[in-house]
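To start, the structure itself, in structure tokens.
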Amino acid sequence: TGARMNIGHGIRVNERMASNIGVIFAAGDVAESYDLIQGKNAGNGLWPWAVEGGRVAGSNMAGVPALLPATFRMNCTEVLGVRVASAGRQDGGEQKIIRGEGKLYHKLVFSGGRLTGYILVGEIRGAGLLTSIIKNQNEVSPLELEGLLGRPISCRGRLDALSGRIQIEPQRIQR
């Protein structure tokens with residue numbers, strides 16, 4: 001048919017992991033799916049997205065509709081005993097460095113009243129919450145997040161609610 005595949009740094013795919021030639025699918029390192037932070041298709045060579053992209057591509061090839069949610073880069077590791085977590089954009093926008101002494105560093109990046117990225121070094125508690133805020137594109141102020149990162153974060157109430165136990169009175173977080 002002479003159709004040309006849409007290729008950038010990889011094969012550009014839609015949320016079904018299909019290329020512009022509908023019978024050709026791609027996932028993993030060769031695919032460019034929609035990146036929530038960049039607002040365009042981009043490569044995201046991280047294992048969890050590769051696995052999920054493969055699952056979505058395989059389901060669609062088998063005739064079972066599935067969609068990959070918008071992705072963005074995120075990672076968590078430990079280097080020489082120091083924990084590091086990052087997600088989204090690390091530059092541009094409004095940057096707020098909450099802590100920057102010794103082995104402790106927290107940087108938040110905002111754009112248009114929304115958190116678009118972070119870097120946490122040393123203490124990474126709260127990384128899941130920050131990632132969720134980025135993914136859901138919640139409006140949040142730097143001051144609100146600074147307060148959250150400055151104290152322990154507990155998900156106990158939410159976990160109890162999900163398991164069917166209802167918490168009558170919220171527990172106070174002890175410092």
Side-chain angles (χ1 to χ4, degrees), residues 8-10 12-15 17 27-29 31-53 56 67-163 167 169-175:
H9 290 286
R12 293 195 175 127
V13 295
N14 61 20
E15 65 278 357
M17 303 308 289
D29 292 350
E32 284 188 16
S33 59
Y34 185 75
D35 185 293
L36 181 68
I37 305 301
Q38 295 182 47
K40 64 180 183 176
N41 279 40
N44 190 344
L46 296 175
W47 181 253
W49 291 125
V51 170
E52 185 63 11
V56 169
L67 302 175
L68 180 75
T71 65
F72 55 91
R73 295 171 191 241
M74 59 183 152
N75 216 335
C76 186
T77 190
E78 189 171 320
V79 179
L80 300 173
V82 178
R83 292 181 176 176
V84 179
S86 66
R89 185 171 257 165
Q90 267 72 68
D91 57 358
E94 175 193 342
Q95 299 180 20
K96 171 80 173 170
I97 297 176
I98 295 176
R99 299 182 184 134
E101 68 274 347
K103 291 183 180 180
L104 189 63
Y105 178 81
H106 290 169
K107 175 181 170 182
L108 305 176
V109 181
F110 295 84
S111 181
R114 288 178 166 70
L115 181 67
T116 57
Y118 67 82
I119 300 173
L120 303 177
V121 178
E123 176 59 61
I124 63 169
R125 195 174 9 194
L129 175 64
L130 295 176
T131 301
S132 179
I133 290 170
I134 294 170
K135 182 178 180 180
N136 295 320
Q137 297 186 304
N138 300 109
E139 285 192 29
V140 64
S141 75
L143 194 56
E144 289 173 302
L145 290 182
E146 184 175 350
L148 282 175
L149 290 175
R151 68 176 192 264
I153 296 173
S154 173
C155 297
R156 182 90 178 141
R158 176 176 259 175
L159 291 173
D160 286 345
L162 290 173
S163 69
Q167 190 172 345
E169 188 176 332
Q171 295 177 357
R172 295 192 154 247
I173 297 173
Q174 300 293 322
R175 279 189 165 225

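Please read these numbers as outputs of a predicted model, since none were measured by experiment. Residues take their numbers from the sequence shown, with the count starting at 1. Basis for what follows: all heavy atoms, side chains included, without hydrogens, waters or symmetry-related copies.
Summarising the geometry of A87 relative to T131, their closest heavy-atom pair is CB-OG1, 4.2 Å, with the distance given to 0.1 Å. Closest approach of A50 and G28 over heavy atoms only: CB-CA, 3.7 Å. The minimum heavy-atom distance between T116 and I134, with the atom names listed, is C-CD1, 4.0 Å. Considering all non-hydrogen atoms of both residues, L115 and I133 come closest at CB-CG2, 4.1 Å.
In this view, Q137 and L36, R114 satisfy the side chain to side chain contact (heavy atoms under 4.5 Å, CB included) rule, not counting sequence neighbours. The side chain to side chain contact (heavy atoms under 4.5 Å, CB included) test applied to V51 returns W47, not counting sequence neighbours. Under the side chain to side chain donor-acceptor pair (under 3.5 Å) criterion, S86 pairs with no residue, sequence neighbours left out. In this view, A31 and V13, M17, A26 satisfy the side chain to side chain contact (heavy atoms under 4.5 Å, CB included) rule, not counting sequence neighbours.
The line from CD1 of I119 to CG of L130 is 12.0 Å long, rounded to the nearest 0.5 Å. In this structure, CG in L104 is found 9.0 Å from CG in L120, a value given to the nearest 0.5 Å.
Listed for the S132 side chain is no donor-acceptor partner under 3.5 Å among the backbone atoms of G128. Put simply, the side chain of E52 never gets that close to the backbone of L68: no donor and acceptor are under 3.5 Å apart. Not one N or O on the side chain of Y118 forms a donor-acceptor pair closer than 3.5 Å with the backbone of H106.
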